[in-house]
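Excluded from the calculations below are hydrogen atoms, water molecules and symmetry mates; all remaining heavy atoms, backbone and side chain alike, are included. These numbers come from a predicted model, not from an experiment. Lettering of chains follows the sequences in order, A, B, ..., and the numbering in each one begins at 1.
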Amino acid sequence: MKARVHITLKSGVLDPQGKAIAHALGSLGFAGVDDVRQGKFIEIKLTEQDRGKAEAAVKQMCEKLLANTVIENYTVELVG
Amino acid sequence: MKARVHITLKSGVLDPQGKAIAHALGSLGFAGVDDVRQGKFIEIKLTEQDRGKAEAAVKQMCEKLLANTVIENYTVELVG
Amino acid sequence: MTTTYPNDLMGLSREEYDRVLAIMGREPSHTELGIFSVMWSEHCSYKSSKKWLKTLPTTGPRVICGPGENAGVVDIGEGQAVIFKMESHNHPSYIEPYQGAATGVGGILRDVFTMGARPIANLNALRFGDPSHPKTRHLVAGVVAGIGGYGNCVGVPTVGGETNFHASYNGNCLVNAMTVGIARADRIFYSAAAGPGNPVVYVGAKTGRDGIHGATMASAEFNEDAEEKRPTVQVGDPFTEKLLIEACLELMETDAIVAIQDMGAAGLTSSSVEMAGKGNLGIELNLDLVPMREEAMSAYEIMLSESQERMLMVLKPDRQELAQRIFDKYELDCVTIGTLTTTGRLVLKRNGKVEADMPVQPISEQAPQYDRPHMATPRKPQIDAKDVKAVDAATALTKLMGCPDLASRRWIWEQYDYLVRGHTVQRPGGDAAVVRLPDSQKGLALVVDCTPRYCVADPEMGGMQAVVETWRNITAVGGLPIAITDNMNFGNPERPEIMGQFVGCIDGMRRACEALDYPVVSGNVSLYNETNGQAILPAPVIGGVGLIADIDRTASIGFKAAGEDIIVIGETLGHLGASLYLREIAGSEDGAPPAIDLAAERHNGDLVRRLITEGKVTACHDLSDGGLLVGLAEMALAGNLGAMLSLPNMLVPMHAFLFGEDQGRYIVTTTDGAHLLQTIRGEGIAAMKVGTTGGPALTGLPGAPISLASLRQAHERWLPQFMSAADAA
Amino acid sequence: MKAAVIVFPGSNREHDVVDALNRASGSKPQLVWHGEGTLPKADLIVLPGGFSYGDYLRTGAIAAHSPIMREVKARADKGTPVIGICNGFQVLCESGLLPGVLLRNAALKFICRNVDLKVENSDSLFTRRYNPGDVLSVPVAHGDGNYFADNETLDRLEGEGRVAFRYCTAEGAVTAEGNANGSARNIAGIFNARKNVLGMMPHPENATDPRLGSTSGKPLFDAIAEALA
Ligand SMILES: Nc1ncnc2c1ncn2[C@@H]1O[C@H](COP(=O)(O)OP(=O)(O)O)[C@@H](O)[C@H]1O
Ligand SMILES: [Mg+2]
């Protein structure tokens with residue numbers, strides 16, 4: 001089983017990287033870029049075969065380590 | 001229109017971050033984590049309304065700036 | 001009998017393949033051929049350069065270990081040794097600047113700590129293409145971030161370096177990294193294996209399919225399809241390197257290690273062959289035991305992988321557990337993968353099958369050596385200053401201080417942690433970095449230098465000048481230059497004019513090293529730096545190390561106080577050939593470079609060093625790129641204090657006097673100029689007073705005063721402005 | 001004084017702070033490897049600078065979850081002074097001992113240079129040898145020093161006098177120009193509510209010897225040595 005975790009900054013939290021990318025895209029001549037936000041994408045291969053258990057485990061991983069819930073949101077998606 | 005871009009390391013390319021995360025999950029007591037790969041997730045808000053044009057533009061952004069195509073792959077997905 | 005050659009000779013020539021057949025007495029297996037191919041690559045075998053490298057002076061009373069080991073070792077007294085080397089990562093950095101530069105730093109660190117040294121400083125020498133070339137900005141951004149990313153994380157301060165721009169590097173940037181470490185002189189670790197039956201132990205990161213054939217790639221020219229040839233790029237993991245440093249140094253405190261060698265270019269192949277070869281032994285490895293991070297790797301792939309952060313050791317048999325315990329603490333792999341044998345053969349097994357069985361000695365001993373045809377570079381004309389456009393001093397100075405080769409490198413060094421470890425006495429920006437030795441009044445002066453425009457104009461003078469400039473830079477902070485490492489960056493050696501540059505530079509270096517008692521203790525050669533037949537300006541980069549007896553008796557470049565006399569030591573003849581003034585102001589790269597009088601260099605430098613250690617001068621700066629006025633401006637900016645100039649009678653035109661690049665010169669400041677002039681002249685050395693410190697500007701030249709503010713702006717603005725478009729990339 | 005300096009895999013400024021404490025107090029702090037079972041008795045706990053766990057995932061995140069940090073929290077709760085410098089500050093934030101988080105520098109680049117720091121509060125064990133308003137020259141060396149917290153937290157920190165240092169200009173002006181890395185309200189260092197925990201991005205330990213450019217950091221170590229003597 002594989003989990004796909006998206007970690008994104010909460011709205012209102014400053015995103016220096018996103019801002020810089022937007023700026024750089026502008027100077028590269030890409031017009032019409034209104035906003036850029038950069039987050040993380042983490043893929044986890046798990047031995048667990050049970051979807052429910054796998055999901056619960058990955059959520060715990062996010063709470064405990066993968067996301068800093070003061071500034072970040074996360075979503076968990078299971079594939080395979 | 002919004003684009004969701006995933007940037008991941010090509011297979012075979014060392015992922016020190018993923019390795020460290022997998023290790024840390026292990027020491028936090030999460031068993032059954034076989035592998036972790038870390039990538040980037042970038043959301044871009046675009047003025048462009050035409051799907052085809054938007055997709056082409058974002059792909060170009062990936063080639064030119066967002067992804068390091070020597071070691072990274074990217075996928076582009078449009079929403080909204 | 002006629003030989004049938006395989007379709008893919010893996011970069012070997014037919015003659016070289018014939019030699020393989022003769023050594024093997026049969027056709028080599030795929031793995032065996034791969035091993036010959038990397039071991040006989042230019043990068044590993046030095047087949048074009050060895051003949052000439054051998055002519056360099058490599059011994060001296062302080063030299064504990066010269067070229068031939070992972071790094072050079074020099075005695076610095078009180079039971080301590082300094083260990084250092086420089087290495088190039090040019091090709092990888094051009095393909096992937098961040099990772100290429102980062103892994104370059106990682107590699108040179110391993111060369112130094114593998115010998116038992118705690119790395120205490122890093123330096124780097126960088127050369128990029130024309131600023132207007134579309135790739136330049138991207139390369140600068142990536143290379144600098146990569147060097148910082150790796151060095152900052154491992155906690156070794158990056159204290160110095162140099163950066164040039166020239167169109168000849170458009171398709172071939174140069175990234176040379178140097179590491180300096182400190183060890184106990186009686187605890188140096190070498191790579192020669194000993195003790196048949198002793199275990200061969202692999203430690204560090206796991207092996208993947210990274211950079212297979214990197215050594216061969218480093219020995220080939222780029223052409224249009226370079227993009228296609230991209231092998232899997234090596235990715236550095238500085239965190240693992242940091243642990244590897246600590247684990248190795250901890251194990252080195254015990255008596256466990258018989259021999260140790262990092263896995264650099266050609267990975268497990270070169271480390272196992274070199275260790276066994278130097279010990280006159282055989283080695284048998286079970287490749288199934290190699291820690292791997294990818295599935296189904298073949299013997300060939302395992303042997304040729306250039307995965308980073310790995311080392312190979314021979315341990316005493318009863319110390320394996322001890323090693324295991326230490327590497328467990330750092331959570332690194334530590335696996336016995338084979339044993340030393342008396343057979344003199346390298347035997348590799350994979351999945352129960354013998355994949356290679358070949359004699360060790362001939363791989364290195366019978367490696368091809370070439371005496372390539374070489375053609376001397378034709379002499380360039382002497383340029384008469386009267387034929388060079390004269391521009392008013394303020395305009396020329398402002399332009400020079402802001403030109404790509406002289407503009408401030410602050411944008412670069414502020415991305416490097418130059419302070420970690422808490423011993424950096426002189427930071428980037430001066431003539432040489434000064435690093436204090438822990439628990440000691442002693443210090444080291446460190447510098448890298450080369451002036452490629454001189455080297456291309458006259459290789460012999462250029463090679464000599466590179467050595468001399470490092471010597472002068474170390475002297476200018478009060479250090480005693482003790483030894484150098486070098487990194488020879490050239491084009492395709494199969495072209496006689498390129499080989500001629502190489503031979504000329506080596507000859508100049510040799511003469512300088514001999515005259516200055518300044519031996520070469522380690523180095524590296526990078527050839528085939530060409531794209532589409534366009535060679536780089538030759539760059540024999542020199543890394544110099546100097547000893548400082550008392551860190552409270554050094555000099556730095558900034559003016560210290562108003563009202564002090566400014567004195568130029570050495571002769572000013574106004575040489576403009578191959579100068580920056582000629583290039584930036586008159587638009588010509590022509591002319592012979594300035595000549596060097598080695599006896600005068602030594603005489604002048606020895607005096608300057610004495611004046612510094614005796615506390616007779618308050619600031620010191622050597623004169624090089626841009627000449628006298630640029631040197632003065634740099635001292636003024638560093639001290640944030642101007643000067644009133646009163647130039648003596650000049651025998652040469654003003655622009656030649658102010659911007660000529662005559663060698664062997666220093667500027668010093670002192671509270672008692674008359675007395676100092678007398679002392680210097682008493683030694684038979686030319687000296688003149690050129691002014692007095694003070695005020696917010698440089699005054700006394702024809703025209704309006706040149707304000708420090710405007711000079712600072714010109715000097716500081718160029719690089720950040722140039723790079724700002726790349727900030728986010 | 002007995003100080004314990006905790007060493008995580010990837011810490012790299014532990015010796016710098018050991019030297020500074022040693023010079024100030026005359027006694028050499030003990031280095032404690034994170035994996036060693038228990039934390040020894042100590043009057044002061046130091047989390048040094050560096051790149052614990054390579055700064056992978058988020059700076060300080062993985063170290064913050066290492067078992068020894070539970071012990072550090074327990075001691076801090078009982079009142080043992082704790083100072084986290086640079087990576088140590090990041091670890092303190094990730095572990096919840098201090099509020100907020102350190103984001104990537106606004107200019108996105110690693111930055112190593114001396115910055116000017118304004119002392120905001122000298123009413124603590126760590127800062128009592130300074131006067132409020134003093135301007136110090138102390139080096140920074142970090143890629144992720146951009147302090148962030150929501151406005152409510154920032155207001156509370158300010159209201160409770162928990163801002164220790166702010167980035168400023170050489171003249172002491174707390175302005176955008178003097179802000180080295182984009183930190184919210186120029187914050188360079190903060191205390192916990194009880195003021196026995198200090199986290200700061202700049203490196204006072206690298207500013208304790210005139211030969212190395214500045215002695216602005218020395219009073220901090222002198223104050224610690226004096227208080228814990
Ligand atoms: N230009 C040079 N001048 C002097 N010694 C050199 C030079 N180039 C290489 N060497 C020496 O040859 C040996 C092999 O160098 P290299 O292959 O770069 O070592 P490693 O495999 O440890 O990276 C080293 O001892 C190095 O110091
Ligand atoms: Mg080596």
Side-chain angles (χ1 to χ4, degrees), chain B residues 1-48 54 56-76, chain C residues 92-100 102-103 106 134 138 141-142 145-146 149-150 153 205-212 226-243 291-297 301 305-310 330-333 725-729:
Chain B
M1 175 110 10
K2 208 158 133 189
R4 291 161 50 97
V5 178
H6 285 88
I7 295 168
T8 52
L9 282 170
K10 290 185 179 170
S11 72
V13 174
L14 178 72
D15 179 8
Q17 305 229 40
K19 208 176 80 183
I21 296 170
H23 194 88
L25 288 173
S27 22
L28 279 177
F30 291 101
V33 174
D34 291 342
D35 189 31
V36 176
R37 301 281 282 176
Q38 173 166 336
K40 284 182 199 139
F41 172 60
I42 301 176
E43 289 176 296
I44 307 176
K45 266 204 208 123
L46 299 160
T47 319
E48 181 62 63
V58 175
K59 279 196 173 151
Q60 261 205 31
M61 295 177 195
C62 288
E63 289 287 333
K64 275 211 169 159
L65 180 74
L66 303 180
N68 176 351
T69 52
V70 180
I71 52 174
E72 292 171 332
N73 291 322
Y74 63 87
T75 62
V76 174
Chain C
S93 301
Y94 187 76
I95 291 174
E96 211 307 276
Y98 185 97
Q99 295 297 343
T103 52
H138 165 74
Y150 207 99
C153 184
K206 294 190 196 312
T207 298
R209 291 186 176 88
D210 315 77
I212 289 174
E227 316 271 313
E228 301 304 308
K229 278 203 213 137
R230 282 172 182 169
T232 322
V233 169
Q234 299 143 257
V235 169
D237 180 359
F239 170 57
T240 295
E241 179 104 335
K242 168 70 173 158
L243 299 180
M292 283 173 258
R293 61 160 217 274
E294 292 190 72
E295 314 235 310
M297 289 187 69
E301 290 171 325
S305 157
E306 292 192 359
S307 290
Q308 302 289 298
E309 293 96 20
R310 306 177 299 161
Y330 292 99
E331 307 185 44
L332 293 171
D333 278 311
D727 268 1

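In terms of heavy-atom pairs under 4.5 angstrom with chain B, the leader among C:E294, C:Q99, C:Q308, C:K206 is C:E294.
Heavy-atom neighbours of B:K10 NZ from other residues, nucleotides or ligands within 6.0 Å: above the threshold of 12.
Heavy atoms closer than 4.5 Å to chain B are found in the side chain of C:E331, but not in its backbone. No part of B:K64 comes within reach of chain C, as not one of its non-hydrogen atoms sits under 4.5 angstrom from that chain. Of the two parts of C:T240, only the side chain, counted from C-beta on, holds a non-hydrogen atom closer than 4.5 Å to a non-hydrogen atom of chain B. Contacts between B:L14 and chain C at a heavy-atom distance below 4.5 Å involve backbone atoms as well as side-chain atoms. If you measure heavy-atom distances from B:N68 to chain C, the contacts under 4.5 Å come from the side chain alone.
We find the CZ-NZ distance between C:R293 and B:K19 to be 8.0 Å, quoted to the nearest 0.5 Å. B:I71 CD1 to C:Q234 CD: the interatomic distance, rounded to the nearest 0.5 Å, is 11.5 Å.
Residues C:G236 and B:P16 share a closest heavy-atom pair of O-CG, 3.8 Å.
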